[in-house]
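Presented below is the structure to which this report refers.
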Protein chains: 2
Amino acid sequence: MAGSRHDTAAPRPTSRDVARAAGVSQATVSLVLGGKWQGRVAEPTAERVRAAARDLGYRPNLAARNLRLGRTRTALLVVPALTNEFFARVHTGAARVAARHGFGVVLYPAPDVTAPARDPFDSARASLDGVLASSMASEALAAIRGDELPLVMLDSDPAHSLGAATVNLDIAQGMRLAAEHLLALGHRDVLHLAADISSWTFDVRRDALRSALHGTGARLTTARAALAVDAARTAAEAALTASGARPTAVICDDDVLAAGACKAARRLGLHVPDDLSVTGFDDLTLATAVEPELTTVALPAERFGEQGMDTLIAVLDGRTPEPRPLPVRLVVRGSTAQGPGPRR
Amino acid sequence: MAGSRHDTAAPRPTSRDVARAAGVSQATVSLVLGGKWQGRVAEPTAERVRAAARDLGYRPNLAARNLRLGRTRTALLVVPALTNEFFARVHTGAARVAARHGFGVVLYPAPDVTAPARDPFDSARASLDGVLASSMASEALAAIRGDELPLVMLDSDPAHSLGAATVNLDIAQGMRLAAEHLLALGHRDVLHLAADISSWTFDVRRDALRSALHGTGARLTTARAALAVDAARTAAEAALTASGARPTAVICDDDVLAAGACKAARRLGLHVPDDLSVTGFDDLTLATAVEPELTTVALPAERFGEQGMDTLIAVLDGRTPEPRPLPVRLVVRGSTAQGPGPRR
DNA sequence: CCCGCGAAGTTATACGTACAACGTGAGGCG
DNA sequence: CGCCTCACGTTGTACGTATAACTTCGCGGG
């Protein structure tokens with residue numbers, strides 16, 4: 001009557017159905033399809049089982065398998081926001097490695113993690129084998145259930161990841177590269193436009209900048225903004241019109257912020273890069289979409305996700321891989337140019 | 001020796017442990033915690049059970065529950081690429097609704113869906129209750145396992161979604177709005193820069209443009225490009241320098257393409273919007289990051305995801321909600337301006 | 001006075017799988 | 001010739017949960 005194609009509701013065949021069709025016991029089916037039949041089942045029998053499984057369109061019931069094995073081959077990936085292209089790329093890498101090992105990935109966008117005081121793992125309907133937690137929400141996460149599941153932290157504060165394996169991008173090196181690039185161009189008054197996120201991330205970046213500029217006579221000022229174009233434009237506009245010498249270069253924590261800085265410059269009648277150099281971070285699609293194209297620090301986001309998942313799987317296997325920060329590189333494009341230089 | 005905090009390997013408490021602690025049977029625990037204890041269990045007993053569960057930190061084993069109930073409260077979301085901000089937003093909406101109904105969402109990025117001839121569902125380690133498939137890869141997906149799971153199609157070709165419920169954005173209306181906007185500005189020679197994706201999507205958009213321009217004396221040409229800034233720039237540059245009258249406006253299938261078109265204009269010495277009007281689609285972060293800000297068609301991406309998941313859940317409940325296309329709206333910004341007009 | 005009935009639990013079972021432990025012939029060897 | 005071994009399976013059980021079917025007991029009505 002309903003006319004749907006789900007009328008028949010043909011129940012999915014089980015391993016027992018396959019066994020019946022192949023004329024063997026259910027255990028034999030499990031052995032053959034589980035790949036552990038070496039020397040336990042004769043080849044002709046094994047082939048008969050495989051054929052029966054194929055004919056019936058048999059697919060093992062994951063819930064039953066998970067229950068039996070006590071693990072799910074599923075990992076949770078916690079990110080601040082998937083709409084941030086960087087994290088989408090991290091997910092891509094993590095999911096690729098996971099698939100290679102027969103693992104699935106469930107996503108948890110962190111913003112809600114702390115707010116509703118709900119258990120973050122409730123939303124992950126699958127039971128989980130482990131957690132891959134990206135920095136920004138990891139403090140909250142670690143506090144909530146840090147030691148209940150194997151955990152790998154992505155780029156997080158060592159102070160908050162006690163005992164958990166960590167995978168890092170060399171963020172500090174990225175900031176240094178940007179700073180040195182601007183120094184080489186003759187800039188001596190630099191604004192750091194920072195993303196308004198976790199304090200640890202902020203500290204790492206600012207400290208790296210400070211040490212890079214130390215002893216060069218360059219001046220460093222700081223402004224913070226939420227991770228959005230408008231917020232960045234507003235903050236940059238304020239910082240660039242503040243009393244005192246106007247910075248000739250802006251180092252941004254993110255390409256999105258850099259885009260905002262460029263808009264601020266335009267509003268103030270400054271030309272990028274001639275009047276103001278701007279550097280971004282992440283090398284998102286955005287970086288080459290704007291005019292001029294952004295000089296930015298390219299992060300191996302997918303490799304980051306891959307290595308994170310590799311590490312998690314290693315931890316699950318009882319191994320402990322040595323943490324080695326992933327290298328970053330500076331991509332020089334059109335948003336940076338010669339500054340006032342040392343001629344002053 | 002290993003020194004890890006997983007040494008003790010304390011096995012998670014089961015409902016039986018809770019039962020023992022509360023001095024009741026396992027069945028009673030299940031009744032109380034399952035919420036079906038009305039009139040079956042006295043309040044003091046129920047409270048004792050809840051207290052015991054809390055003390056032990058009991059969490060039900062999802063694998064066992066899934067096995068018992070035969071459903072998983074997990075849906076698969078198939079998207080072409082998560083790095084596309086639009087789909088990240090769709091996911092956000094879908095996940096929100098899913099969470100509200102106690103559902104989880106597993107993601108499947110489609111690109112690989114057809115290539116390796118692997119079963120796409122293998123990568124979803126959880127068993128699934130249903131599938132939410134976004135347009136672009138849905139043909140392949142539907143072909144592979146269309147009728148094995150309840151399916152809801154997002155913005156897909158009706159011809160390929162036989163029997164499956166569908167949720168649509170009013171893409172055609174979006175194209176009409178853009179076309180009418182340009183017509184009103186006096187443009188009579190329009191280039192359609194199309195995304196090189198599914199042919200159905202392309203047809204819908206082109207047909208909408210054609211009908212909107214029909215009878216206005218306006219000329220429509222078409223170029224296609226992969227969904228990337230560089231590809232779009234190249235294609236636009238070629239189309240704008242082709243023989244014949246140069247278009248005075250470009251309607252793009254996506255903001256990313258629009259950014260590429262703007263870059264092409266700049267290379268050709270054309271000013272946007274004075275010499276060339278450009279419209280985008282989707283209203284991504286990108287749209288306000290570039291200069292000038294893009295006039296674009298804003299899509300309710302999150303609502304789209306929400307409605308998709310709502311529909312899937314309705315289908316799982318045996319209901320059949322009427323499909324109603326989600327409205328889109330034109331956001332006029334700085335990338336469009338008066339064209340040559342009817343003065344000619 | 002006894003029967004029935006509702007309240008408050010309990011016992012038993014099934015979901016589908018993986019694997020430990022147990023047959024069971026046939027052939028080799030002392 | 002009897003026993004051991006090996007190749008090839010099979011039988012049985014447990015994973016943790018939800019729920020149908022059953023028990024037990026107190027109490028009110030006929």
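What you see is a predicted model, and the numbers here were worked out from it, not measured in a lab.
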Picking from [options], which would you name as closest to the side chain of [X]?
X	options	value
A:A27	C:dC19, C:dT17, D:dT19	C:dC19
B:T14	D:dG16, C:dT17, D:dT19	D:dG16
B:L69	D:dT17, D:dG9, D:dT19	D:dT19
A:Y58	D:dT17, D:dG9, C:dT17	C:dT17

Spell out, as yes or no, whether a donor-acceptor pair under 3.5 Å connects the side chain of B:R89 to the backbone of B:G305.
no
What's the [atom1]-[atom2] distance between [X] and [N], to the nearest Å?
X	N	atom1	atom2	answer
B:L62	D:dC15	CG	P	18 Å
B:L31	D:dG16	CG	P	19 Å
A:R40	C:dC19	CZ	C1'	9 Å
B:W37	D:dA20	CH2	C1'	21 Å
B:R48	C:dA8	CZ	P	13 Å
B:N61	C:dT17	CG	C1'	14 Å
A:R59	C:dT17	CZ	P	12 Å
B:E43	C:dA7	CD	P	16 Å

Set out, in order, the CA-CA distance, both residues' side-chain angles and the distance that settles side chain to side chain contact (heavy atoms under 4.5 Å, CB included) for B:F103 and B:L312, then state yes or no.
CA-CA 11 Å; B:F103 271 69; B:L312 179 56; over 6 Å; no
Show every side-chain hydrogen bond (donor to acceptor under 3.5 Å, both in side chains) that has at least one partner inside residues 28-43 of chain B, sequence neighbours left out.
B:S25-B:T28, B:E43-B:R50
By side chain to side chain contact (heavy atoms under 4.5 Å, CB included), which residues pair with A:D17, not counting sequence neighbours?
A:P13, A:T14, A:R20, A:L56
Those residues at least two apart in sequence (or on a different chain) that pass side chain to side chain contact (heavy atoms under 4.5 Å, CB included) with A:R96 are A:T92, A:R100, A:E302, A:E306
Can you check side chain to side chain contact (heavy atoms under 4.5 Å, CB included) on B:R48 and B:V24, steps first, answer last?
CA-CA 9 Å; B:R48 227 166 57 235; B:V24 297; 3.6 Å; yes
Identify, residue by residue, the members of residues 15-25 of chain A with a heavy atom below 4.0 Å from DNA chain C, and return them in order of residue number, or none.
A:S15, A:R16
Could you pick out which residue, B:Q26 or B:L67, lies toward the 5' side of DNA chain C when each is mapped onto its nearest nucleotide?
B:Q26
Any protein N or O atoms within reach of nucleotides 26-28 of chain C? Criterion: under 3.5 Å, listing atom names and distances.
none

Candidate pair B:L77 and B:L154, rule side chain to side chain contact (heavy atoms under 4.5 Å, CB included), full reasoning:
CA-CA 10 Å; B:L77 175 63; B:L154 296 177; 4.2 Å; yes
I'd like to know whether A:V105 forms a side chain to side chain contact (heavy atoms under 4.5 Å, CB included) with B:L107, so could you lay out the CA-CA distance, the side-chain angles of the two residues, the decisive distance to 0.1 Å, and finally the verdict.
CA-CA 8 Å; A:V105 177; B:L107 260 176; over 6 Å; no
Between side-chain atoms of residues 319-326 of chain A and protein atoms elsewhere (two or more places apart, or another chain), which donor-acceptor pairs fall under 3.5 Å?
residue : atom : partner : partner atom : Å
A:E322  : OE2  : A:R324  : NH2          : 2.5

Look at the side-chain N and O atoms of A:T28 and state whether any lies under 4.0 Å from the OP1 or OP2 oxygen of D:dT10.
yes
Taking OP1 and OP2 of C:dA8, is either one under 4.0 Å from a side-chain nitrogen or oxygen of B:T45?
no
Pick out which of B:V90, B:V97, B:V152 makes a side-chain contact (heavy atoms from CB on, under 4.5 Å) with B:M309.
B:V97
